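Scroll down for the structure; my scribbles are underneath it.
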Amino acid sequence: MEDSSSDSPPARAFNGMSVFPLTEMVIDGTSEVWPTFGRPISVSAVLKMDRHGSFVEFSRIPPPGAEVEKVELFTRCYLHLSQVMKAGPKLQMWTVNDSEDTDGPSKMLAFGLQFGLQKENDEFHSAIQEHRNNATKLETVDSGTMSISTENKFERKIESSSAKMYFHYYGQLLHQQNMMQDYVRTGTYYAAVIENHADFEGKIVVDVGAGSGILSLFAAQAGAKHVYAVEASAMAEYARKLIAGNHPLSQRITVIHGKVEEVELPEKADILISEPMGTLLVNERMLESYIIARDRFLVPNGKMFPSRGRIHMAPFSDEYLYGEIANKALFWQQQSYYGVDLTPLRDTAFQGYFSQPVVDAFDPRLLIAQPIMHNIDFLTAKEEDLYEIDIPLEFKSSVAARVHGLACWFDVLFDGSTVQRWLTTAPGSPTTHWYQIRCVLSQPLYVLAGQPITGRLHLIAHSSQSYTIHLTMSASSIIPGSNRVGTLQTSTAKLDLKEPYYRMTQSPAFAWSQQEQQQQVEELPAPQGVVMMQQPFSADNEDVNQDLQSQQFVVSNGLQLPQHNPQQLQQYQQQNFWSS
Ligand SMILES: C[S@@+](CC[C@H](N)C(=O)[O-])C[C@H]1O[C@@H](n2cnc3c(N)ncnc32)[C@H](O)[C@@H]1O
């Protein structure tokens, strides 16, 4: 390890905290995972930086009167290899993967950090965030000791195996086509750009993650002076080919193969265009690259298309979905599977199924309260704001129901000078390839009409370009004589956004007739942010995605193709898309 460089931010010291090494994880009867901690060790912490990045050096403080006077190093944790989570007012949880910094085998370290005061916890937490920021702001000065720069930013926070798979995926035309064929998505981008051509005319544009180059071509159609299409995957070569074949627009577009974190551009941009949204808006962690591109390339007061995103959330009740997930674990209930007792893994399997967010298009009538939303302003947000997103939940149930979890979707805004356009993925709106996502609780809650539902949605970014989701939901009650809310029943869930359960081949939760559904739609008021369903789900319960694509294909091309043979349609679409 090198010593801290003199160019690095000054080291900061913190005292008076105890480390509880994590010895094991225990799963109790209610399927909660509880960490078991070892004996506490008093430590001090110093935040430093060397050429590998920022790190915290924890040192043991010898107990008063101890013979040893020398401060002994407990551990050194590099921030880019550490996940730090506030687990309580005075408690932080640390998990550290030190595989990159030891010559030996990969090691995971987990511990709790207990502070004497909440203030100390807050200060230490913000100092860590600040240090992360400073580290990435330092430019490469020379070939000397300090070499932390934005060039390493992507690599330092994303595992190389994850990035490799990610860019391999986007390097294939098949997947670019899939996005392009989401006509709600592509059509909204097209309309937003063309209707707001005044924002593009004569302007320098950067297309952040250009993929096939489709948005760059839209910007050029809208009159951009020049477009820099930055694409990190091998798709950049195909984009070059596609753009070259679209003369004369091609004269005003330059494709740059590389990451927006690394490439250099000859001039600043007046406007950025990008499609960086993943499931739940933030999956894939590409919004962070969009923000980095803003800081690197956009002129002050420049425009961003889109400029704002909102995550919408509401509790839902769906017995059918809950039963489906719970039943999957029944396999492990067998006591004699070829003579083998599978039950030791039953609880683990049960938890495993509930740790997958469900991705599908659901009926908005499954929502049992008005949605709430969380705003992310792409023009002002800091990249680090997306490392940890903490959303307090507060709803009022509109019916008596069993609450099975939290449903989420998002929308983004194109804030054009001429027209404002929202691209929405709300349930009941025309379905997109993002669908909606639902976090299902293994222990449902019971609520009465009018009862408050409170809780927290806590998203923590991880190095595989996704998030760990910590969901807490409580059935609450207003404490008589006060405005305070008391908790009656609480349920928690931990999910990995990277491991979703794509439920598109399943039957819809409701198989109502069109007439019944229409009647329901007319009777129910639409929740805020949700367009109530105008049409039934796929008439023959076939794969929703295929059916969606077939409907949209028919609409967009004006062709009268058979509506109820999605497989044939999809085949037809794939063959013909690139010649349309
Ligand atoms: C969701 S796709 C959108 C593609 C295209 N703009 C469109 O709308 O059809 C995102 C693209 O961004 C690229 N990408 C992701 N992160 C990037 C980064 N840090 N630098 C450059 N390209 C990136 C991906 O390879 C992928 O092609």
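These figures come from a predicted structure and were not determined experimentally. Count residues from 1 along the sequence. Counting starts at 1 for both ligands and their atoms, in listed order.
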Next on the checklist: Do the side chains of Glu264 and Arg296 get close enough for a salt bridge, i.e. N-O under 4.0 angstrom?
Outcome noted: yes

Checklist entry - Side chains of Tyr467 and Arg285: does their closest heavy-atom pair fall under 4.5 Å? => result yes

Checklist entry - Between Val56 and Trp94, is any pair of side-chain heavy atoms under 4.5 Å apart? => result yes

Using a 4.0 Å heavy-atom threshold (strictly under), name the region of [X] that reaches ligand 1: side chain, backbone, both or neither.
X: Ala210; answer: backbone
X: Tyr166; answer: side chain
X: Glu261; answer: side chain
X: Gln176; answer: side chain

Item to check | Residue Lys259 vicinity, atoms of ligand 1 by number, heavy atom under 4.0 Å | outcome: 20 (N), 21 (C)

Checklist outcome for this item: Here the atoms of ligand 1 under 4.0 Å from any heavy atom belonging to Ile214 are 7 (C), 9 (O)

Quick one: look up the protein heavy atom nearest [atom] and list residue, atom name and how far away it is.
atom: atom 14 (N) of ligand 1; result: Phe167 CE2, 3.8 Å
atom: atom 10 (C) of ligand 1; result: Met286 SD, 3.7 Å
atom: atom 25 (O) of ligand 1; result: Glu231 OE2, 2.6 Å

Does any N or O atom in [X] lie less than 3.5 angstrom from one in ligand 1, N or O only?
X: Tyr170; value: no
X: Asp207; value: no
X: Arg185; value: yes
X: Met179; value: no
X: Gly209; value: yes
X: Glu275; value: no
X: Ser212; value: no
X: Leu215; value: no

Checklist entry - Yes or no on salt bridge (Lys or Arg N to Asp or Glu O under 4.0 Å) for Lys382 and Asp295, after CA distance, side-chain angles and deciding distance? => result CA-CA 9 Å; Lys382 286 192 273 169; Asp295 293 343; over 6 Å; no

Next on the checklist: Would Gly213 count as a contact residue for ligand 1, given that I'm defining contact as a non-hydrogen atom of the residue lying under 4.0 Å from a ligand atom?
Outcome noted: no

Checklist entry - Between the candidates Ile292, Val260, Val263, which shows the shortest non-hydrogen contact distance to atom 20 (N) of ligand 1? => result Val260

Checklist outcome for this item: Closest to atom 21 (C) of ligand 1 (heavy atoms only, candidates Ala236, Ala232, Ala293, Ser289) is Ala232

What pair of heavy atoms forms the shortest contact from [X] to [Y], and how long is it?
X: His257; Y: Ser233; answer: NE2-O, 3.2 Å
X: Trp409; Y: Ala426; answer: CD1-CA, 3.3 Å
X: Leu173; Y: Met235; answer: N-CE, 3.5 Å

Next on the checklist: Between Glu195 and Thr418, do the side chains contain a donor N or O and an acceptor N or O under 3.5 Å apart?
Outcome noted: no

Next on the checklist: Could you check whether Ser160 and Glu155, counting side-chain N and O atoms only, form a donor-acceptor pair closer than 3.5 Å?
Outcome noted: no

Next on the checklist: Show, in sequence, the C-alpha distance, side-chain angles and deciding distance for Lys153 and Glu383, and conclude whether the side-chain contact (heavy atoms from CB on, under 4.5 Å) test is met.
Outcome noted: CA-CA 11 Å; Lys153 208 162 193 180; Glu383 182 215 349; 2.7 Å; yes

Checklist entry - Is the NZ or CZ atom of Arg421 both under 6.0 Å from the centre of the six-membered ring of Phe414 and within 45° of that ring's axis? => result no

Next on the checklist: Assess the residue pair Leu497 and Ile437 against the criterion (side-chain contact (heavy atoms from CB on, under 4.5 Å)); give the C-alpha distance rounded to whole Å, side-chain angles, the decisive distance to 0.1 Å, and a yes or no.
Outcome noted: CA-CA 9 Å; Leu497 188 55; Ile437 113 159; 3.7 Å; yes

